[in-house]
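Chain naming here is simple, since letters A, B, ... match the order of the sequence lines and numbering starts at 1 in each. If you're wondering where the values come from, they're calculated on a predicted model, not measured in any experiment. Side-chain atoms are counted along with the backbone in the values below, which use heavy atoms only and exclude waters and symmetry mates.
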Number of protein chains: 2
Amino acid sequence: MPRTTVDTRAEIRAAALELFSERGVDATSLREIAERIGITKAALYYHYASKDALLGDLVDPMFVELRELGDELEGRSIDAGDEAQVRAVIERFWELCLRNRAVMRVLIHNPRVVARIELAPRMLHWRERIDGVLVGSDDAADRVRAVVALGGVQDAVVVFGDADLPRIREAAVDAAVRALRM
Amino acid sequence: MPRTTVDTRAEIRAAALELFSERGVDATSLREIAERIGITKAALYYHYASKDALLGDLVDPMFVELRELGDELEGRSIDAGDEAQVRAVIERFWELCLRNRAVMRVLIHNPRVVARIELAPRMLHWRERIDGVLVGSDDAADRVRAVVALGGVQDAVVVFGDADLPRIREAAVDAAVRALRM
DNA sequence: GTCTATAAGGGGATAGAC
DNA sequence: GTCTATCCCCTTATAGAC
């Protein structure tokens, strides 16, 4: 029988994201995803040609947001020495991570899958763009500062993100800003 | 035929760690591990009763090191306000992560497996011990500082650890110490 | 200790009816 | 668009010979 909702593809993505995020990509079968929204695995294949195609569609919105953020920041030409501007950038990054934390979890916890569907270059690319805005240098020591700061923010979002409290955001952004200081 | 080396269990652990770290636990089969050291999957089962038992044995040395570090630091009663002491603790943590970075990778990238074999309580426990030494508080904002600092160090080890350069270590430890400052 | 052989089950993916 | 039925492959794990 036909289903009541219009957008089955969106329902599939929502169910898949939840399961991929909770259990990991490899540990989630297409049967489980299909059953969660009340269709069969074969019906899912009508909407998505493969598991990887579904995953690719799933993570896309976050990359769109990252590209937009990169465009905007580069357009405004941030001064890496101005701490107020740096703080504003980290805050934007925190918000982006928080909004997309399920996708972030999937990407962080499934690096091999990321490599398989060729998301690694995209991840590297946005990371380099934001690093460039924040430290403006290719020097190893500078890139380490950026990794500690942004990596720390990502970790804090994954660990504390479910309680989206202003205090937590403030503490995480503060710590990242200090980590970036030379 | 009998094998030439004495410690087949150690060979199994070494091959498994390499594959688990590179490809992830779920994506690595016991057949692949066995073939890498030239035995069959059935022979591997003689040495380890299950994949989870092998994994548990594999990660154990790192937890032993973490426990020893926790014992030592608590015995010395670090002053969280003394930055030289804090720096020394972060340096010890960096060295530990570097020495065990293959195991660290496995634990970071396979959270569901970690939960399945009941490693999560152990991870939480050492994290809380080291957090306690570094910030000495249960307050959420304090714990966030510790997560950003230690999470940042872990990330930097995973990203830059293969080039074990003093400059990288120094930059990462510096950044973590700054992140911890109030 | 290591082997061959096999059990039992799940995975992704497809064919074709409706 | 969704279904049932099926294919083929790989997995973990065990039994029993050597």
_For a quick check, with a 4.0 angstrom heavy-atom cut-off, what is the B/S/- contact string for nucleotides 11-18 of chain C, read 5' to 3'?_
SBBBB---
_Nucleotide of dG1(D), dC3(D), dG1(C) approaching I39(A) most closely (side-chain heavy atoms)_ = dC3(D)
Rounded distance in Å - [atom1] ([X]) to [atom2] ([N]):
X      : N       : atom1 : atom2 : result
L44(B) : dC3(C)  : CG    : C1'   : 14 Å
E35(A) : dT2(D)  : CD    : P     : 15 Å
R23(B) : dT11(D) : CZ    : P     : 10 Å
I12(A) : dG1(D)  : CD1   : P     : 11 Å
I33(B) : dT11(D) : CD1   : P     : 11 Å

*asked:* The criterion is salt bridge (charged side-chain N to carboxylate O under 4.0 Å, His left out); which residues satisfy it with D60(B), sequence neighbours excluded?
replied: R122(B)
*Under the salt bridge (charged side-chain N to carboxylate O under 4.0 Å, His left out) test, residues paired with E128(A) that sit two or more places apart*: none
Please output the side-chain donor-acceptor pairs of residues 63-72 of chain A that fall under 3.5 Å, not counting sequence neighbours, one pair per line with the distance.
{"residue": "E65(A)", "atom": "OE1", "partner": "R99(A)", "partner atom": "NE", "Å": "3.1"}
{"residue": "E65(A)", "atom": "OE1", "partner": "R99(A)", "partner atom": "NH2", "Å": "2.6"}
{"residue": "E65(A)", "atom": "OE2", "partner": "R99(A)", "partner atom": "NE", "Å": "3.4"}
{"residue": "E65(A)", "atom": "OE2", "partner": "N100(A)", "partner atom": "ND2", "Å": "3.3"}
{"residue": "D71(A)", "atom": "OD1", "partner": "R129(A)", "partner atom": "NH2", "Å": "2.8"}
{"residue": "E72(A)", "atom": "OE1", "partner": "R92(A)", "partner atom": "NH1", "Å": "3.3"}
{"residue": "E72(A)", "atom": "OE1", "partner": "R92(A)", "partner atom": "NH2", "Å": "3.0"}
{"residue": "E72(A)", "atom": "OE2", "partner": "R76(A)", "partner atom": "NE", "Å": "3.4"}
{"residue": "E72(A)", "atom": "OE2", "partner": "R76(A)", "partner atom": "NH2", "Å": "3.4"}
{"residue": "E72(A)", "atom": "OE2", "partner": "R92(A)", "partner atom": "NH1", "Å": "3.0"}

*Salt bridge present between D26(B) and R112(A) (N-O < 4.0 angstrom)*: no
*Are R169(A) and E95(A) close enough for a salt bridge, meaning some N to O gap below 4.0 Å?*
yes
_Closer than 3.5 angstrom, by distance alone: can the side chain of R178(B) be matched with the main-chain N or O of R181(A) as a donor-acceptor pair?_
yes
_Side-chain cluster (under 4.5 Å, hydrophobic types only) that V158(B) belongs to, other residues_ = I108(B)
*In degrees, rounded to 10°, what is the bend between the two ends of the helix from dG1(C)-dC18(D) to dC18(C)-dG1(D), using five pairs at each?*
0°
_Shortest non-hydrogen contact between Q85(A) and S77(A), atoms and distance_ = OE1-O, 4.5 Å
*Is any side-chain nitrogen or oxygen of T8(A) closer than 4.0 Å to OP1 or OP2 of dT2(D)?*
yes
*asked:* Whether Y46(B) contacts dT2(C) is assessed here as follows: a side-chain N or O lying under 4.0 Å from the phosphate OP1 or OP2. Is that the case?
replied: no
*Going by heavy atoms in the side chains, are V113(A) and K51(A) under 4.5 Å from each other?*
no
